[in-house]
Protein chains: 2
Amino acid sequence: MTSPLPSDLEIASAATLRPLEDVAAELDVTPAHLEPYGRDVAKIDLAVLGEPTQRHTAKYVVVTAITPTPLGEGKTTTAVGLVQGLGRLGRRAVVALRQPSMGPTFGIKGGAAGGGYSQVLPMERLNLHLTGDFHAVTAAHNLLAAMIDNHLHHGNELGLDLRNITWRRVLDVNDRALRNVVVGLGAREDGVVRETGFDITAASEVMVLLTLATSLQDLRERLGRIVVGYTTAGKGVTADDLHAAGAMAALLSDALKPNLLQTLEGGPAIVHCGPFGNIATGTSSVTADLIGMRGSDYVVTEAGFGADMGAERFFDVKCRVSGLRPDAAVVVATVRALKSHSGHWSIRPGKPLPDGLLAENPSDVEAGLPNLRKHIEIVRRFGVTPVVAINAFPDDHASEHEVIRRFCSRLGVRAAVTTHVADGGAGARELAEIVMEAAHEPTRFEFLYPLDLPLEQKIEAIATQIYGADGIELSPAAARGLRDYERLGFGGLPVVIAKTHLSISSDPTLKGAPRGWRMPVREVRAAVGAGYVYAICGDMRTMPGLSSSPNAERIDVDADGSVTGLS
Amino acid sequence: MTSPLPSDLEIASAATLRPLEDVAAELDVTPAHLEPYGRDVAKIDLAVLGEPTQRHTAKYVVVTAITPTPLGEGKTTTAVGLVQGLGRLGRRAVVALRQPSMGPTFGIKGGAAGGGYSQVLPMERLNLHLTGDFHAVTAAHNLLAAMIDNHLHHGNELGLDLRNITWRRVLDVNDRALRNVVVGLGAREDGVVRETGFDITAASEVMVLLTLATSLQDLRERLGRIVVGYTTAGKGVTADDLHAAGAMAALLSDALKPNLLQTLEGGPAIVHCGPFGNIATGTSSVTADLIGMRGSDYVVTEAGFGADMGAERFFDVKCRVSGLRPDAAVVVATVRALKSHSGHWSIRPGKPLPDGLLAENPSDVEAGLPNLRKHIEIVRRFGVTPVVAINAFPDDHASEHEVIRRFCSRLGVRAAVTTHVADGGAGARELAEIVMEAAHEPTRFEFLYPLDLPLEQKIEAIATQIYGADGIELSPAAARGLRDYERLGFGGLPVVIAKTHLSISSDPTLKGAPRGWRMPVREVRAAVGAGYVYAICGDMRTMPGLSSSPNAERIDVDADGSVTGLS
């Protein structure tokens with residue numbers, strides 16, 4: 001396991017792709033429902049959901065993680081590795097993933113498509129544009145913004161309060177200079193001056209809405225319900241009030257169709273939508289999962305960040321919309337992240353790992369285990385069977401893995417070391433076997449809260465029962481906001497907590513499984529079209545910046561047309 | 001001709017599309033070079049240009065027009081009708097058109113794909129996203145912008161003058177509030193405060209650059225040469241200085257491939273790029289034309305606005321880059337536009353035509369003929385044979401057409417009435433016949449000016465020899481700008497005059513063929529990557545606004561997924 005791997009790009013370039021129609025056949029999707037988009041990528045027509053199939057409904061597996069370091073702990077590679085492992089065991093398995101945002105691709109990461117021998121192909125297409133869904137979200141979002149400012153310019157008949165317009169603009173680029181802007185400068189014919197800003201496209205409500213929409217009609221209705229701001233009297237103004245939602249739906253009708261790609265080992269991979277994991281749901285689309293459930297044995301999907309973040313939203317928001325019930329949850333753990341939860345090590349993005357972190361040190365791993373225990377408890381709280389995937393890195397030591405295995409055994413949780421990055425599906429066989437066992441246990445899934453609970457109590461339930469807080473502290477603005485939302489009829493929506501992913505608490509410096517803290521809620525916002533209220537706890541970045549040496553500087557094209565510098 | 005036509009959308013929806021591989025075969029493009037993008041649209045791999053073909057090089061025909069009214073005079077429908085007419089005569093003909101911008105689609109026009117029985121299909125795809133090329137231009141343009149502001153944020157090592165950064169941002173939406181913005185507001189980590197703005201994507205230099213690039217390598221090199229601004233010492237700072245051009249090329253590598261669609265009568269239509277016709281070249285791509293020339297009998301392409309605008313740039317800029325030489329130029333004339341050049345009628349967009357304009361009135365047509373004569377002279381100035389297409393409207397009168405025919409006959413110019421909107425290719429047979437005659441005459445094409453002429457003299461040559469001005473008046477800023485550009489080594493570039501398209505002069509109120517005027521040049525700018533200097537004469541809008549009742553309000557989707565409200 002210590003021989004150096006070829007780079008992700010080298011592995012991807014050396015791969016031979018299967019004809020996509022053969023890949024689709026594994027999902028029971030016929031060529032008639034496949035719309036090719038360039039080579040080796042196709043959209044799947046939603047009409048396939050109405051077609052009869054001979055297959056059993058699939059088992060539904062979500063991949064989550066312990067609280068990650070800023071480097072990420074390999075949920076995507078594990079999800080891909082797991083379906084490759086299931087394939088090695090003769091099972092039809094599909095992985096459903098989010099599409100990477102181009103902002104980070106040109107920023108730090110240089111691409112996101114799994115890694116090593118657990119990747120999704122074609123890699124260049126995945127990382128650049130794919131089938132244009134993000135661009136469609138950008139276009140629909142900004143058309144609505146233009147129609148808002150146009151409405152102001154032509155007399156503001158709806159009476160929008162200029163200081164209470166919540167709809168911003170979006171671009172799929174890391175551009176800090178756009179976070180806070182003043183628009184409408186110039187002459188009278190250049191619009192109305194006001195302060196606003198841009199978020200990255202992954203942070204658009206339209207992105208989450210596209211993720212959660214179950215049909216074109218549902219998409220159209222959700223778009224119409226988007227609240228863009230409020231009148232001075234406190235009434236919400238919607239996209240339908242502005243007559244914008246029809247045109248937005250027209251822009252998004254192709255983007256609603258999931259994209260079919262393949263794993264490095266030739267199995268189906270559905271890549272669709274990419275909402276932020278901190279302020280939004282951080283999950284891939286409902287339509288992707290529904291298509292997978294219809295035609296496969298196992299659908300493996302991913303939920304962003306730790307189980308406190310993505311998995312909770314996956315259970316309480318996505319599963320509520322889709323009607324699907326998870327059969328197992330894979331909790332990805334790494335030696336380095338557990339060591340960081342010991343509190344003895346600090347890992348920072350763009351910096352080398354601290355000296356000594358890689359040395360054999362089972363006691364630091366042991367010290368970090370409360371974090372793993374907490375994530376296991378979160379999964380169990382929803383009545384879902386957890387499985388721990390120990391994602392092995394080349395510098396890990398067997399003694400460190402053994403600490404984790406023994407701990408899981410004491411908790412009665414299945415665990416396996418997986419070497420899918422180095423070994424592909426063969427490295428994930430043991431993981432695949434225990435996931436199959438877990439998924440065949442009887443389920444007793446339940447939501448954390450009923451929808452008719454008041455918004456404040458929903459927030460409190462997540463803070464106390466999931467995060468382990470002693471309670472919540474609403475700022476005056478947040479308290480007022482929640483009262484307004486109840487009055488406006490948004491009280492029946494689920495909630496999303498916008499908080500750091502680097503701690504189970506809302507304080508990124510608290511490692512392990514923090515106790516004895518209260519969660520401060522600074523502000524609340526309503527994503528009425530997507531269908532949730534979100535509570536902002538801490539500083540949330542919705543538009544990243546580029547570093548002093550962004551990855552874009554290292555990306556180029558060869559004379560033969562192939563892209564270099566993606567990783 | 002007075003029976004009412006079905007709407008464009010009704011005609012498009014009733015059409016049966018040919019398999020795209022059959023359409024491609026007419027261009028001698030094999031399936032191996034065709035990359036499908038959704039249903040009935042494909043990209044053509046540029047590798048096809050290196051493939052041997054048994055066919056003769058095509059005749060090359062540009063469609064231009066007299067000075068249009070704000071409604072447009074039907075260049076696109078005539079180009080489509082003409083290739084359909086050539087098809088009826090047994091000739092292989094391809095039309096090469098610009099992709100419509102989504103800004104105007106949601107603004108006034110509701111779509112642009114020809115009209116009536118001379119359309120390009122599939123209409124919805126053409127008007128919404130197509131294959132994402134405009135989005136790729138937006139992404140590449142804005143990545144460069146983000147890297148500029150990132151460079152400022154991290155210390156501005158290159159010494160960019162904050163007051164002399166010429167690179168703005170772009171979005172494909174009509175959004176007047178973005179014309180003038182202040183970015184970088186907020187805290188220290190939110191960038192550097194400065195004033196800038198957004199243009200519509202069609203006005204991006206990247207769009208023109210993509211239009212003119214002949215290969216991926218040429219694209220990469222042009223991107224590197226883009227000048228984004230100047231140091232305080234007056235030195236240009238390029239995209240290569242910022243290490244941005246490689247990533248931009250990666251974003252644009254698919255967008256460089258032309259898109260294959262089909263006419264209503266099943267012939268090939270290549271739709272690719274869409275630069276503005278007022279500040280940029282207003283032509284479709286070089287690569288599209290090169291592919292057409294290789295495999296067809298006739299390539300019919302379009303150049304924006306009147307012959308003073310698009311045709312001049314087509315000849316002096318596009319043909320210089322492509323090496324292609326036109327065999328004929330079709331000058332589209334309409335009765336209503338000629339009547340408007342009499343000076344007796346005023347036509348405004350969004351308003352009904354004036355009462356009386358539709359009455360039989362050959363003498364008003366006669367009074368407008370100097371405009372037609374001037375455009376014929378412009379075409380002849382380049383050694384190209386003109387052909388006049390009288391684009392018939394249902395309310396025209398035979399006596400009015402006859403005035404135009406007789407006039408052309410006196411000038412020794414072939415002319416034909418064409419009813420392609422009402423009758424499709426059958427209505428353009430006579431036009432097709434005279435275009436074939438004209439295209440087989442010997443050519444004596446010449447550019448207006450050699451590249452080694454100083455920039456000021458190039459501008460003067462266009463103003464005096466094409467527009468009929470007595471001379472030019474450089475503002476102090478423009479004169480200084482031209483001196484700077486000569487010093488910076490941009491003197492060998494061709495020039496584009498950014499002026500109104502509603503007059504041959506730079507004053508939109510002057511109709512007919514204005515004489516006795518001098519052209520004021522307010523400002524000059526350099527599009528070094530695209531490869532030209534442009535002179536700004538009058539107020540140029542590079543970001544349109546929406547009206548009080550934009551077409552977006554009437555666009556929606558049906559439950560079955562079809563889009564309504566495009567026209």
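Each chain gets a letter, A, B and so on, in the order its sequence line appears, and its residues count up from 1.
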Find the one option among B:Arg125, B:His151, B:Arg169 whose heavy-atom pairs under 4.5 Å with chain A are most numerous. B:Arg169

Which bit of B:Met543 comes within less than 4.5 Å of chain A, counting heavy atoms only: side chain, backbone, both or neither? neither

Most contacts with chain A, counted as non-hydrogen pairs under 4.5 angstrom, among B:Lys257, B:Met147, B:Arg554: B:Met147

Checking heavy atoms, do the side chain of B:Asn142, its backbone, both or neither come under 4.5 Å from chain A? both

Pair A:Asp190 + B:Arg179, salt bridge at N-O below 4.0 Å: yes

Segment of B:Ala244 engaging chain A (4.5 angstrom heavy-atom cut-off): neither

Is there a donor-acceptor pair under 3.5 Å between the side chain of B:Asn150 and the backbone N or O of A:Ser548? no

Proximal component of B:Asn174, with respect to chain A [non-hydrogen, under 4.5 Å]: backbone

Under 4.5 Å heavy-atom distance to chain A, tell me which part of B:Ala47 shows up: side chain, backbone, both or neither. neither

Shortest non-hydrogen pair, B:Gly191 vs A:Arg176, comes out as N-CD, 3.6 Å

Residue part contacting chain A, namely of B:Leu216, when any heavy atom lies under 4.5 Å: side chain

Between B:Leu34 and chain A, with a heavy-atom cut-off of 4.5 Å, which part of the residue counts as in contact: side chain, backbone, both or neither? backbone

Contact origin within B:His154 toward chain A - heavy atom pairs under 4.5 Å: side chain

With a cut-off of 6.0 Å (strictly less than), are more than 12 heavy atoms of other residues, nucleotides or ligands near CG of B:Asp539? no

N/O donor-acceptor pair under 3.5 Å between B:His129 side chain and A:Leu251 backbone: yes

May I ask you to check whether over 12 heavy atoms, not counting those of A:Gln217, lie within 6.0 Å of atom CD? no

Contact summary for B:Ala247 and A:Phe106, nearest pair of heavy atoms: CB-CE2, 3.6 Å

Give, as side chain, backbone, both or neither, the part of B:Leu143 having an atom under 4.5 angstrom from any heavy atom of chain A. both

What residue, out of A:Ser253, A:Ala552, A:Ala145, A:Gly186, has the most heavy-atom pairs lying under 4.5 Å from chain B? A:Ala552

At a heavy-atom separation under 4.5 Å, does B:Leu242 approach chain A through its side chain, its backbone, both, or neither? backbone

Relative to chain A, which segment of B:Phe198 carries a heavy atom at a distance below 4.5 Å: side chain, backbone, both, or neither? side chain

Between B:Thr564 and chain A, with a heavy-atom cut-off of 4.5 Å, which part of the residue counts as in contact: side chain, backbone, both or neither? neither

Between B:Ala250, B:Ala139, B:Gly132, which has the largest tally of heavy atom pairs under 4.5 Å with chain A? B:Ala250

